[in-house]
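Please read these numbers as outputs of a predicted model, since none were measured by experiment. These numbers come from the heavy atoms of this one structure, side chains and all, not from hydrogens, waters or symmetry mates.
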Amino acid sequence: MLLVSTLRDERQRVLAGLNKRNLDAAESVDRVVALDDRRKELQSRLDNLLAERNSLSKSIGELFKSGRKDEANEKRQRVNEIKEQTGPLEEELEQAVSQLEEELLQLPNVPHERVPAGRSAEDNEVYRAHEGELPTLGEGAHPHWELATTYGIFDLELGVRTTGSGFPVFTGQGARLQRALVNYFLDRNSSAGYTEYAPPLLVNEDTARATGQLPDKEGQMYYVSADDLYLIPTAEVPLTNLYRGELLDADQLPIRLTGYTPCFRREAGSYGAHVRGLNRVHQFDKVEIVQLARPEESYTKLDEMVEHVAGLLKELQLPFRILRLCGGDMGFTSAMTYDFEVWSAAQERWLEVSSVSNFETYQSNRLKLRYRTERGTELLHTLNGSALALPRIIAALLENNQSADGILLPEVLHGYFGKDRLTPVG
RNA sequence: GGAGGAAUGGCAGAGUGGUUGAAUGCACCGGUCUUGAAAACCGACGUACCGCAAGGUACCGGGGGUUCGAAUCCCUCUUCCUCCGCCA
């Protein structure tokens, strides 16, 4: 959630930024400021009345002690008059605050200065192109959903039997590969200074709201109505919320967290060739990294996270590129996002495997996540990124590494997997 | 699921209707002393909102109520602890 003070003090920058998201927010910003003016006015009127009530109450106590009952009763009368005014005023104030909040919730984060304007994925900036030639597989190369059958990696039909479409069942060496990747990612993240957590997979409404999944992505999440809980679409949600409401000391920063969780996404309404196999599923595994950083350091930390993820992909020896998302393609809560895409040689297209973002104070404002500075308290910046999302990594490993001798795994996985390659089944 | 108990500032822990935003201890910060450190002593020490400021308001798990006045009384919810039952 944006700060009202930002909307007031940096109106032009905010409007220009939101414009990169193809959003004309001038009216909305004006409404927010007007509502906030009203809020302040009501607040100070109410405070004055309460101050009068408090001082009258105090003197009533003293009058009673000294036995001057008549005077006390007179003042009691006056307090009752005040209370007739404070009641409605409190309601008005409450209403103004919730209207203000509702209005603020509609505004997405302001893109960073370096974020390009644009409408869709086509306008994203190639931040780091793949070096050299893209690998080609030639005739007879198979997409991963075909390899999955040959090698017994996962089974979509079994998923349909137990659950429905979009819930792959990983089998045999596929399940083992999954576990190998999770362990590899967690170990690498831990070595880089991220503390490992295993958070809940269901979260309450406050948690989903604080990181911005609500109200923006309501339809994306599975909702358990009997208990009023949401299945997490990403570990970002519980991990970032671990620090909700905290007031940290500067020397605790930055805080680095990592966690492996399944992720659940309803992904309503998208079917077709591009969602075959593992390209898009309702449940998938992901290892996430999160940082809570001082504002002045957050973009350095963002770069650090980008390099970390790039390091993982290099070790996996997958061809990849990094995009800087344009305003139109960026998530609601983000100020800057880098997407990582690996090249699928069999499908001849790029597959997104990681998204690394800086949310600046957009989440921390809802989280009430602050730290102490010499100047007082300040909101922290929150960042997160996938390191990494498994299904498309598996798809890319299968497709790019297929050979007459099986699917050859990068060296870094040999120890985790227990073998250097996947072999056909049956 | 049943029966009890508890929830107060960074921590510990007082406080059962009136100048208590909250005693005291510890921690932390500043200072005195010391060659330095420790000890001792002195001082400062919650957060948010309104206000140029002075100052004001709110907050003692959440919400509601009683009262001129609530950390303190009542209702309700949540969480934690103990015991019993059930269970991976």
Side-chain angles (χ1 to χ4, degrees), chain A residues 1-9 32-104 198-210 214 224-230 238 241-253 255 262 292 361-380:
Chain A
M1 198 157 62
L2 296 173
L3 292 154
V4 181
S5 57
T6 310
L7 301 185
R8 282 181 190 277
D9 303 342
V32 167
V33 171
L35 280 165
D36 191 53
D37 284 340
R38 179 166 166 71
R39 190 202 106 241
K40 287 183 181 186
E41 198 231 315
L42 291 168
Q43 174 84 62
S44 95
R45 267 163 60 194
L46 179 63
D47 283 356
N48 287 336
L49 286 169
L50 291 176
E52 191 181 349
R53 184 203 67 183
N54 286 346
S55 88
L56 284 168
S57 292
K58 199 179 280 186
S59 62
I60 288 169
E62 283 159 3
L63 288 171
F64 267 119
K65 270 184 197 162
S66 57
R68 291 188 278 174
K69 279 218 163 120
D70 290 347
E71 285 175 67
N73 283 327
E74 226 170 88
K75 296 202 169 182
R76 266 162 68 166
Q77 186 53 40
R78 171 66 190 140
V79 172
N80 282 326
E81 284 168 28
I82 290 172
K83 278 164 67 175
E84 279 168 30
Q85 295 175 59
T86 54
L89 208 50
E90 268 166 13
E91 273 172 44
E92 271 187 87
L93 179 60
E94 208 170 299
Q95 207 183 351
V97 168
S98 70
Q99 277 175 13
L100 176 61
E101 169 128 347
E102 203 176 305
E103 194 74 45
L104 276 173
L201 308 181
L202 286 94
V203 295
N204 59 34
E205 190 181 326
D206 285 344
T207 294
R209 183 178 303 274
L214 293 177
V224 182
S225 60
D227 297 287
D228 206 16
L229 295 171
Y230 295 87
N241 271 279
L242 293 176
Y243 283 85
R244 189 168 83 229
E246 297 272 341
L247 178 52
L248 302 171
D249 288 319
D251 60 14
Q252 296 176 262
L253 302 168
I255 285 171
L292 314 177
T361 59
Y362 195 89
Q363 293 183 327
S364 62
N365 188 27
R366 291 196 198 175
L367 289 158
K368 299 284 172 275
L369 170 57
R370 298 156 301 155
Y371 78 113
R372 285 181 219 276
T373 71
E374 316 74 55
R375 301 177 293 283
T377 66
E378 270 178 43
L379 292 171
L380 284 168

Would you list the atom pairs, donor with acceptor, under 3.5 Å between side chains in residues 79-88 of chain A and any protein atom, with sequence neighbours excluded?
{"from": "A/Asn80", "atom 1": "ND2", "to": "A/Arg76", "atom 2": "O", "distance (Å)": "3.3"}
{"from": "A/Glu81", "atom 1": "OE1", "to": "A/Arg78", "atom 2": "NH1", "distance (Å)": "3.4"}
{"from": "A/Thr86", "atom 1": "OG1", "to": "A/Lys83", "atom 2": "O", "distance (Å)": "3.2"}

*asked:* Taking A/Leu379's backbone N and O only, do any of them form a donor-acceptor pair with A/Ser364's side chain (distance below 3.5 Å, no angle check)?
replied: no
*Side chain A/Asp36, main chain A/Val32, donor-acceptor under 3.5 Å*: no
*Of A/Asn48 and A/Leu247, whose nearest nucleotide on RNA chain B comes first from the 5' end?*
A/Leu247
_Given RNA chain B, 5'-ward residue of the pair A/Val79 and A/Arg53, judged by closest heavy atom_ = A/Arg53
Should [N] form a Watson-Crick or G-U wobble pair with both distances under 3.5 Å, which nucleotide is its partner?
| N | answer |
| --- | --- |
| B/rA6 | B/rU79 |
| B/rU67 | none |
| B/rA88 | none |
| B/rA40 | B/rU32 |
| B/rA54 | none |
| B/rA14 | none |
| B/rC60 | none |

Interatomic distance at [atom1], [N] relative to [M], whole Å:
| N | M | atom1 | value |
| --- | --- | --- | --- |
| B/rC60 | B/rG21 | C1' | 9 Å |
| B/rG69 | B/rU19 | P | 15 Å |
| B/rC45 | B/rG9 | C1' | 11 Å |
| B/rC73 | B/rA14 | P | 16 Å |
| B/rA12 | B/rA6 | C1' | 16 Å |
| B/rA71 | B/rA58 | C1' | 14 Å |
| B/rA7 | B/rC59 | C1' | 16 Å |
| B/rA3 | B/rC77 | P | 13 Å |

*Not counting sequence neighbours, which residues clear salt bridge (Lys or Arg N to Asp or Glu O under 4.0 Å) with A/Glu205? List them please.*
A/Arg209
Please classify the nucleic acid contact of [X] as base, sugar-phosphate, or nothing, using heavy-atom distances under 4.0 Å.
| X | result |
| --- | --- |
| A/Asp249 | nothing |
| A/Lys75 | nothing |
| A/Thr377 | sugar-phosphate |
| A/Leu56 | nothing |
| A/Arg45 | nothing |
| A/Asn73 | nothing |
| A/Arg78 | nothing |

*asked:* Would you say A/Gln43 and A/Asp47 are linked by a side-chain donor-acceptor pair, where the criterion is simply a distance under 3.5 Å?
replied: yes
*From A/Thr361 atom OG1 to A/Leu369 atom CG, the distance as rounded to the nearest 0.5 Å*: 10.5 Å
*Which nucleotide span of RNA chain B, 5' end to 3' end, has atoms closer than 4.0 Å to non-hydrogen atoms of chain A?*
B/rG18 to B/rG69
